[in-house]
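Every value quoted in this text rests on a predicted model; they were computed, and no experiment measured them. Here, residue 1 is the first one in the sequence, and each next residue gets the next number.
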Amino acid sequence: MPPPDREPGLDTLLDLHGQTLFVDEAGHWVRFVVLRTEVTPERPHGLSYSLTLHAPDGTPLVGYDNAHPVRERRGPGRRTREESDHRHRLGNIRRYDYADAATLLDDFWSEVDAVLKDRASIS
């Protein structure tokens with residue numbers, strides 16, 4: 001049993017680091033990059049992570065990460081925020097409120113399932 005101060009799912013998330021998994025017969029795949037870091041204002045949970053779903057040709061479809069700054073708007077008046085947790089889906093970027101590792105994994109897999117279902121219905 002993990003210590004009481006250990007967040008749910010953290011060991012599972014850390015164990016996925018470096019893994020690439022094929023998720024369907026069409027060839028979609030997911031990649032996990034998860035590293036412990038210093039606790040900072042940008043990474044208050046002490047993790048640097050990137051969880052991504054890719055089309056068979058490698059095009060990114062879904063991503064949950066905190067690996068780069070996020071632009072708030074497009075165009076000449078755009079502003080760049082500091083690095084923070086966010087999610088990508090088909091080119092759109094939205095802030096993501098990180099709760100814990102288990103919730104991150106659940107949210108990521110739910111998004112993967114939704115995108116794969118949408119793509120299957122289009123084919």
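- The two residues A101 and E7 have their closest heavy-atom pair at N-OE2, 2.5 Å.
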Would you check, one step at a time, whether the test side-chain hydrogen bond (donor to acceptor under 3.5 Å, both in side chains) holds for R119 with H28?
CA-CA 10 Å; R119 290 176 67 87; H28 292 89; 3.0 Å; yes

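- Under the 4.5 Å side-chain criterion, counting only non-hydrogen atoms from C-beta, D97 is not in contact with D85.
- A donor-acceptor contact shorter than 3.5 Å is absent between the side chain of Q19 and the backbone of F32.
- In this structure, CG in L35 is found 4.5 Å from NE2 in H17, a value given to the nearest 0.5 Å.
- To the nearest 0.5 angstrom, D65 atom CG is 8.5 Å from T52 atom OG1.
- For Y64 and Y49, the ring centers are positioned 6.0 Å apart or more.
- The distance from the CG atom of L104 to the CG atom of L51 is 5.0 Å, given to the nearest 0.5 Å.
- Under the 4.5 Å side-chain criterion, counting only non-hydrogen atoms from C-beta, V62 is not in contact with V30.
- Of all heavy-atom pairs between A26 and P56, the closest is O-CG, 3.1 Å.
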Please walk me through it: do H86 and N66 pass side-chain hydrogen bond (donor to acceptor under 3.5 Å, both in side chains)?
CA-CA 6 Å; H86 55 277; N66 62 356; over 6 Å; no

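- In this structure, L16 is a member of the same hydrophobic cluster as L14, with clusters built from ILVMFWY side-chain heavy atoms closer than 4.5 Å.
- Formation of a donor-acceptor pair under 3.5 Å by the T103 side chain with backbone atoms of A99 is not found in this model.
- Rounding to the nearest 0.5 Å gives a distance of 5.5 Å between CG of D24 and CG of L116.
- You'll find the side chain of R36 reaches within 4.5 Å of the side chain of L47, heavy atoms only.
- Atoms CG and CH2, on L53 and W29 in that order, are 9.0 Å from each other to the nearest 0.5 Å.
- H45 and Y98 have their aromatic ring centers within a separation under 6.0 angstrom.
- At a threshold of 4.0 Å, the pair D118-R89 counts as salt-bridged, since one of the basic side-chain nitrogens sits closer than that to a carboxylate oxygen.
- Hydrophobic clustering (ILVMFWY, side-chain heavy atoms < 4.5 Å, transitive): L105 and V115 are in one cluster.
- If you take CZ on F108 and CG on L13, they are separated by 10.5 Å, rounding to the nearest 0.5 Å.
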